[in-house]
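Here's the structure we're looking at; comments come further down.
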Amino acid sequence: MHKAVAYTKLRKPFEVNSVHMQTLLWDRRVVLSILDAIGVPTPPRLVVSRDGGAKVDADAAAAFKECTGMDIDRVLARYASNSKSVTASEEGIEVDGQFLEKTFIEKPADGENHNINIYYSEQKGGGGRRLFRKIGNKSSQYDPNLKDISTEGSWVYEKLMETESFEDIKLYTVGPQFVHAETRKSPTVDGHVKRNTDGKEIRYMAKLTQEEEDIARKVSKVFGQSVCGLDILRVQGKSYVIDVNGWSFVKGNDFYYDQCAKILKEAFYRSVQERPLSLADQIPPEISPEHSWRLKGFVAVFRHGDRTPKEKLKISIMEQSFIDLLQGSKREVVFRQKHQLESVMKAIDQCLENPLPEDEPKLKSVKEVLEKKHDLAGTKVQLKPKFDPKTKQLVKLQVIVKWGGEFTHAGRHQSRDLAENLRKDMNILNREVLEDVKIFSSSERRVRDTAQVFARWFLGDPDSLDGVISESKYLLDDSNAAKDQADAVKRQLKGLLRPGNDIPDWMLAQMGWKAKLPQPYVILQEISAIMGRMQRVMYENWATQDVDNIQRRWCCFDSPMLFKERWEKMFRNFASTMTGEESDEAEIRRSMHPETYPDPSWIPALYDSLKYDALHNRQFLQAIFTDESANADESFEAAAAAAAAAAATTNPANASASGTTNHRSSSDATGSVPFLNRGGLSDIRRLYKTVKYMFDFIAPQEFGISDTEKKNIGMLISFPLLKKILSDLDEMKSAENARTRLYFTKESHVHALLNLIYLSGVPTKVPRNTLPELDFLTQITFELYERNRQSVPEKEYSLRIGFSSGAHYNSVLDLRMDAEHCLKVAPRRNLIPHLLLEEVLIYHKGYLNVPNLKSIEEQIEERKLYYAQEDNDH
């Protein structure tokens, strides 16, 4: 193996199976830890380590990090040291305070050692069974005297699962796109091997469930083994993986080898195409440049451009004037146009003529907001009725006022720049795609504005855009279909971030949490402490400074009072001190339950406001949060230089490679976070740093923590859009001319679609947990290519899926902004290799055949938002 590793480093050949990552299979503790980290079910187990714990060499660790985005040291943290106490008894085994009763299986930690023992309980007759490599027709032997577990070496103890029909299933993968399965008699039954007349073990082809196919693909990918095998057990309707092997092949099955040859042949051809041009004379003629790929179709999904922060106010009321606004609807009703909002204000006035004492303050708050904001494009009112399921009577009516979210001048600049650059790309790749362009937008104004600006410059500033842009609420608007699942995930996140709760290292690695950071709840507490200090500073400066003259120019209809209103809401959510000036849900909850802590779901709104003001109101942000009493002698620019110098002297590689996890324990939560206590960091800069960490942690998880949650939420939000994209690609393939289809939507749809792509099983080049935040004008692109080779009678089609994080920069406080306040859009990079179209479509069309598809489509239809009748001119 060492020679093979050295050779691949020197010559860099095409690797069917990653040579470096094969060593991960040598230790069962490593295999099981990785399976845990990717959410693959395994039988309950205990691990006894007497060799210093599981270890992985540096090359394998680096390869694993590149493939998955996870640090192997954190994945192995549970098994990284010797077991402290091991006690065996007639009933079972106890390791470090955890007990596993007999019957269980004893497996060597060494993955190459196949001498495995079973220890039966007294109820099963006692004694044990020794499993070994097949010898003749035997694969195991019962031993009545096998009662005492091994007292030397390192071992894995697993509960013996009673399988259906006393069989286990062998899965064989050839890359992620092909999985072959066979059943065989389990060697744990009686050790007798059934053979056919040719002397081969009798096996039967098995049909896998969708979950089992997904497991096989995940295992193949995470271990970097295209050709591999795994053993699974079916127990009471659930499947468990018990072993993973590299280089496993089916014996005597022509269909398997036909598929294997076809898949590997295409992989070898692709590797030749990717070779440097200096080897062009060695490339087969049929894949030479004159027969290269040509762009046939382009599909892209965009998040809208830069906008102002979104804000909302909720009240519950059962007055008749508001009930009348429902006009008999049993579903949520949305009011957005000016005359519609005026009808809501009229209902408020009617209620205030003779208000209930408990309703008057909240009605006045809503009235004040609407009087100030109803002229702004992003203002809307949602009425959410709740009916008694038995009597069908209205029992609650919630009124939600939302404002903000207006398209900014920076958004216009970003959209134009991106459109012009993409037009240049299309002119190079195939200008014919610009001749048939259709653009779809959600009904939200900021999304429509983004689509209109983009369309004008993408099409070369035509006289008219008539017929180019269509509105599609069904594909691109918000829906309540995933609300219950998303709310459940948010509750899980809040539980994970409960003070004192240490999230396991393998889970933090899976979620992309940096190894050098303390536990997430520690960062959340630090945010609360910083916000408390900043709240005090803002009130002091507001009382002593001429706030109207701090910043001469305000953009986006902003003002000092709107700035203060925005930040006061953030302080109520996060600050550890209370002002007594206002009361809302966050203050009430904190006063009633002092032990409560900030809700993680508030982090995105705080990050949104902080980033917005750092871009558009930098001067005011700096002045209003500067603590004069602290004699701060640094400007924002000096602080930026200090922060950059601190970052340059820090070596994150050393921090992550140490394998130490104690710095993330709850014992560090007694004060400020140590790594932030560097000279030159003002509170506003420290806040940005901590909030950015938490936003990157929370935002992707809000769309599902487990793969099952991600898939369910993704289907309920973006299945209609995915289905339309697949249809577009099919049509482009058969169309005579090239074409372009573009979709403009909001962040939730992009998150959901991205999760569906990753969970489809398609091979990816970039781990999902290493992608940056999905900023404004984030893009997911689908590039369809066509070619005509001499040796192939029909045209071939391939697909490349790309991604851009949009107008993104990790720390906007370090940027010097001009009057445009505009971040440049990041270039696209490939999410997947250049694969055959049919291969990619097969992965994604699996969503069209999920067992609960009808239920999903019904939920999407039933829970879509109902919009009050709108004029055409809106």
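None of these values were measured; they are calculated from a predicted model.
A salt bridge does not link Asp449 with Arg445: none of the charged nitrogens is closer than 4.0 Å to a carboxylate oxygen. Between Asp728 and Arg739 there is no salt bridge, since no side-chain N of the basic residue sits under 4.0 Å from a carboxylate O of the acidic one. For the pair Arg412 and Asp306, the salt-bridge criterion is not met [side-chain N within less than 4.0 Å of a carboxylate O]. A salt bridge links Asp613 with Arg566; the closest basic N to acidic carboxylate O contact falls under 4.0 Å. A salt bridge is absent between Glu66 and Lys765: the closest approach of a Lys/Arg side-chain nitrogen to an acidic carboxylate oxygen does not fall below 4.0 angstrom. Under the 4.0 Å criterion applied to side-chain N and carboxylate O atoms, Asp707 and Lys218 are assigned as salt-bridge partners. Using a cutoff of 4.0 Å between basic side-chain nitrogens and carboxylate oxygens, Glu266 and Lys262 are not scored as salt-bridged.
Note: His808 and Phe776 fail the aromatic proximity criterion, with ring centroids not under 6.0 Å apart. Taking the six-membered ring wherever Trp is involved, the centroid distance between the rings of His749 and His304 does not fall below 6.0 Å. Taking the six-membered ring for Trp, His834 and Trp293 have ring centres closer than 6.0 Å.
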- Trace of the ring-ring contact (aromatic ring centres under 6.0 Å, His included) decision for His339 with His374: CA-CA 9 Å; His339 69 273; His374 77 281; over 10 Å; no
- Task: Decide salt bridge (charged side-chain N to carboxylate O under 4.0 Å, His left out) for Asp608 and Lys310; before the verdict, give the C-alpha distance in whole Å, the side-chain angles of both, and the deciding distance to 0.1 Å.
- Result: CA-CA 8 Å; Asp608 194 29; Lys310 296 182 293 182; over 6 Å; no
- Message: Applying salt bridge (charged side-chain N to carboxylate O under 4.0 Å, His left out) to Glu444 and Lys473, what does each step give before you reach the verdict?
- Response: CA-CA 9 Å; Glu444 295 200 357; Lys473 295 176 182 176; over 6 Å; no
- Which is it for Lys746 and Arg307 under the side-chain contact (heavy atoms from CB on, under 4.5 Å) test, yes or no, and what are the steps along the way? CA-CA 11 Å; Lys746 57 191 302 184; Arg307 55 148 175 79; over 6 Å; no
- Glu420 and Lys424: salt bridge (charged side-chain N to carboxylate O under 4.0 Å, His left out), yes or no, with the steps? CA-CA 6 Å; Glu420 289 180 328; Lys424 293 175 184 176; over 6 Å; no
- Message: Quick one, Glu773 with Ser805, criterion side-chain contact (heavy atoms from CB on, under 4.5 Å). Give me CA distance, side-chain angles, the key distance, then yes/no.
- Response: CA-CA 6 Å; Glu773 69 176 272; Ser805 57; over 6 Å; no
- Please lay out, stage by stage, how Glu857 and Lys723 fare under the test salt bridge (charged side-chain N to carboxylate O under 4.0 Å, His left out). CA-CA 11 Å; Glu857 292 182 317; Lys723 188 176 179 180; 3.5 Å; yes
- Query: Hey, mind stepping through Arg828 and Asp425 against side-chain contact (heavy atoms from CB on, under 4.5 Å) and telling me if it holds?
  - Reply: CA-CA 11 Å; Arg828 298 192 309 279; Asp425 292 345; 3.9 Å; yes
- Do Arg336 and Ser443 pass the side-chain hydrogen bond (donor to acceptor under 3.5 Å, both in side chains) test, and can you show the C-alpha distance, the side-chain angles, and the key distance before you say yes or no? CA-CA 11 Å; Arg336 298 189 299 188; Ser443 64; 3.2 Å; yes
- Give the intermediate values and the outcome of side-chain contact (heavy atoms from CB on, under 4.5 Å) for residues Tyr847 and Lys711. CA-CA 10 Å; Tyr847 291 120; Lys711 182 175 289 187; 4.0 Å; yes
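At distances below 3.5 Å, at least one donor-acceptor pair connects side-chain atoms of Thr740 with backbone N or O atoms of Val433. The backbone N or O of Arg217 lies less than 3.5 Å from no partner atom in the side chain of Ser220, so there is not a single donor-acceptor pair. Checking side-chain atoms of Tyr797 against main-chain N and O of Lys733 turns up a donor-acceptor pair under 3.5 Å. With hydrogens and angles ignored, the 3.5 Å screen pairs no side-chain donor or acceptor of Thr308 with any backbone N or O of Gly404. Checked by atom type and distance alone, the side chain of Ser804 never pairs as donor or acceptor with a backbone atom of Gln779 at under 3.5 Å. With hydrogens and angles disregarded, no donor-acceptor distance shorter than 3.5 Å links the side chain of Ser609 to the backbone of Leu606. Thr450 places a side-chain N or O within donor-acceptor distance of the main-chain N or O of Gly305, the cut-off being under 3.5 Å. Ser706 places a side-chain N or O within 3.5 Å of a backbone atom of Glu709 that can act as its donor or acceptor partner. Formation of a donor-acceptor pair under 3.5 Å by the Arg423 side chain with backbone atoms of Phe458 is found in this model. Checking side-chain atoms of Tyr809 against main-chain N and O of Leu823 turns up no donor-acceptor pair under 3.5 Å.
Contact of the Ser748 side chain with the Phe703 side chain is registered, since non-hydrogen atoms from C-beta on lie closer than 4.5 Å. Taking 4.5 Å as the limit, some side-chain heavy atom of Asp375 sits within range of a side-chain heavy atom of Lys338. Between Gln210 and Asp214 the shortest side-chain heavy-atom distance falls below 4.5 Å. Side-chain contact check for Asp730 versus Lys845: some heavy-atom pair is nearer than 4.5 Å. No side-chain heavy atom of Leu784 sits under 4.5 Å from any side-chain heavy atom of Leu295. Contact of the Ile757 side chain with the His844 side chain is registered, since non-hydrogen atoms from C-beta on lie closer than 4.5 Å. Using a 4.5 Å cut-off on side-chain heavy atoms (C-beta onward), Phe782 and Leu799 make contact. Between Tyr743 and Ser472 there is no side-chain heavy-atom pair separated by less than 4.5 Å.
Summarising the geometry of Pro700 relative to Phe695, their closest heavy-atom pair is CD-O, 4.0 Å, with the distance given to 0.1 Å. Taking every heavy atom of both residues into account, Lys710 and Leu759 meet most closely at CB-CD1, 3.5 Å.
Atom CZ in Arg446 sits 11.5 Å away from atom OG1 in Thr408 (nearest 0.5 Å). The line from OH of Tyr785 to CG of Leu835 is 13.0 Å long, rounded to the nearest 0.5 Å. With rounding to the nearest 0.5 angstrom, the CG atom of Leu753 is 5.0 Å from the CD1 atom of Ile725. Note: Met715 CE to Asn852 CG = 6.5 Å, rounded to the nearest 0.5 Å. Residue Cys822 holds its SG atom at 6.0 Å from CG of Asp417, rounded to the nearest 0.5 Å. One distance of note links CE of Met732 with CG of Asn737; it measures 12.0 Å at 0.5 Å rounding.
Neither side chain, Glu471 nor Ser441, offers a donor N or O lying under 3.5 Å from an acceptor on the other. Gln398 and Lys314 are not linked by any side-chain donor-acceptor pair at a separation below 3.5 angstrom, with hydrogens and angles left out of the test.
The local environment of CZ in Arg294 is crowded, with over 12 non-hydrogen atoms from other residues, nucleotides or ligands closer than 6.0 Å.
Taking the six-membered ring for Trp and thresholds of 30 and 60 degrees, Phe454 and Phe302 have ring planes inclined between 30 and 60 degrees apart.
By the 6.0 Å and 45° rule, Lys724 stacks over the aromatic ring of Phe440.
For the side-chain contact (heavy atoms from CB on, under 4.5 Å) test with Ile801, the passing option among Thr781, Val840, Asn830 is Val840; the others fail.
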